[in-house]
Amino acid sequence: MNESVEVSVFPLTRMTLFPTTTKPLNIFEPRYLQMVEDALASNGLIALAFAEPASPKAVEVGVAGRLRSIAGVGRVRLLERRDDGTLLILLEAIGKVLFETMIEDQGPYLRAQATWLQEEKTLASENIFILNRLTRDLEHWLQKHVTDEEAREQFLEKLETPEEKINAVCSLMVLDSDVQQELLELDSINERCALLAMSIESEGMAQ
């Protein structure tokens, strides 16, 4: 049975957070500065929620009505507290949740009651070849986009499990935000691996 959890909700337009990955975030809006400070003080969890772009119709349903129901969840690591009050943080993902209900308490930011979603993390033997190819693709991507060789090597050394490798590729190399969210919503690492391989091969998605 999946456990229930209360999370703060950080809606970002067409943005996805995969388990086992990290995402650097610049925080400058007062309500989200408060959210981060509260999370730091309580070791609280923040769900980074994929939000549809604002539109005249979307305004009618509010921010909560524009959110996808499945989101990655992480803990906050403070990287920099700037003189102007803004923050640079790293959101370290520990899993994903399904939003059940938004908590109505008139606070400055959204909070939700959610359920942890469990994933099948054992890679099938027939997908090992695909994983090896994806790992090589990731190495090439890093060589192109990260000039610091030591940083590249340290990043790759931290990716030990199939889940960590596949989610890193999902996070870094898939450019289509809708496909990223679709990948996140899959609960099997094998299904994610198969869809990821097709996505990377699609035109323009691994540039």
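The figures here come from the full heavy-atom set of this structure, side chains too, leaving out hydrogens, waters and symmetry mates.
Glu6 places no side-chain N or O within donor-acceptor distance of the main-chain N or O of Ala114, the cut-off being under 3.5 Å. Although no hydrogens or angles enter the test, the distance criterion places no donor-acceptor pair under 3.5 Å between the side chain of Asn127 and the main chain of Ile130. Side-chain atoms of Thr86 do not come within 3.5 Å of backbone N or O of Arg82 as any donor-acceptor pair. In terms of modelled atom types and a separation under 3.5 Å, the side chain of Arg192 and the main chain of Leu183 share a donor-acceptor contact. The backbone N or O of Pro19 lies less than 3.5 Å from a partner atom in the side chain of Asn167, making a donor-acceptor pair. Proximity of a side-chain donor or acceptor of Glu3 to a complementary backbone N or O of Thr115 within less than 3.5 Å is not detected. Side-chain N or O atoms of Glu164 include one that pairs as donor or acceptor with a backbone N or O of Glu160 at under 3.5 Å.
The ring-ring contact (aromatic ring centres under 6.0 Å, His included) pairs that include a residue from residues 151-189 number zero, where partners must be two or more places apart or lie in different chains. Residue pairs that meet the ring-ring contact (aromatic ring centres under 6.0 Å, His included) test with at least one member in residues 177-200, sequence neighbours left out, do not exist here. Applying the ring-ring contact (aromatic ring centres under 6.0 Å, His included) definition to pairs two or more places apart or across chains, those involving residues 17-52 are Phe10-Tyr32. Residues in residues 93-138 take part in no ring-ring contact (aromatic ring centres under 6.0 Å, His included) pair, two or more places apart or across chains.
Leu123 is connected to Leu195 through a chain of hydrophobic side-chain contacts under 4.5 Å among Ile, Leu, Val, Met, Phe, Trp and Tyr, so both are in one cluster. Follow the hydrophobic side-chain contacts under 4.5 Å out from Ile200 and you reach Leu186 in the same cluster.
If you take CD on Glu157 and CD on Glu153, they are separated by 6.5 Å, rounding to the nearest 0.5 Å. The CG atom of Leu90 lies 5.0 Å from the CG atom of Leu79; values are rounded to the nearest 0.5 Å. With values rounded to the nearest 0.5 angstrom, Met173 atom CE is found 8.5 Å from Leu142 atom CG. The distance from atom SG of Cys193 to atom CD of Glu126, rounded to the nearest 0.5 Å, is 10.0 Å. Taken to the nearest 0.5 Å, the CD atom of Glu185 stands 4.5 Å off from the CD1 atom of Ile70. Rounded to the nearest 0.5 angstrom, Ile166 CD1 and Ser171 OG are separated by 13.5 Å.
No side-chain heavy atom of Val174 sits less than 4.5 Å from a side-chain heavy atom of Val169. The side-chain heavy atoms of Glu37 and Leu87, taken from C-beta on, include a pair separated by under 4.5 Å. Side-chain atoms of Leu91 and Leu17, non-hydrogen and from C-beta on, do get closer than 4.5 Å to each other. Between Leu110 and Leu67, the closest side-chain pair of non-hydrogen atoms falls below 4.5 Å. Counting only heavy atoms from C-beta outward, the side chains of Glu163 and Glu119 approach each other to under 4.5 Å.
Between the side chains of Asp38 and Gln34, a donor-acceptor pair is found at a separation under 3.5 Å.
Under the rule for a salt bridge (charged side-chain N to carboxylate O under 4.0 Å, His left out), the partners of Asp178 that lie at least two apart in sequence or sit in another chain are Arg14, Arg68. Take Glu120 and apply the side-chain hydrogen bond (donor to acceptor under 3.5 Å, both in side chains) test, not counting sequence neighbours, and it matches Thr122.
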* Would Ser4 and Gln113 count as a side chain to side chain donor-acceptor pair (under 3.5 Å) if you check the C-alpha gap in whole Å, the side-chain angles of each, and the deciding distance to 0.1 Å? -> CA-CA 7 Å; Ser4 180; Gln113 199 66 36; 2.8 Å; yes
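The local environment of CD in Glu150 is sparse, with at most 12 non-hydrogen atoms from other residues, nucleotides or ligands closer than 6.0 Å. Other residues, nucleotides and ligands contribute more than 12 heavy atoms inside 6.0 Å of the CG atom of Asp84.
One finds no salt bridge joining Glu92 and Arg75 here, because no Lys/Arg side-chain nitrogen approaches an Asp/Glu carboxylate oxygen to under 4.0 Å. With respect to the salt-bridge test (charged N to carboxylate O, under 4.0 angstrom), the residues Glu139 and Lys144 do not qualify.
Under the side chain to side chain contact (heavy atoms under 4.5 Å, CB included) rule, Asp187 has a single partner from Lys121, Lys96, Gln118, which is Lys96. Partner of Leu48 under the side chain to side chain contact (heavy atoms under 4.5 Å, CB included) criterion, out of Val9, Val73, Val7, Leu25: Leu25 alone.
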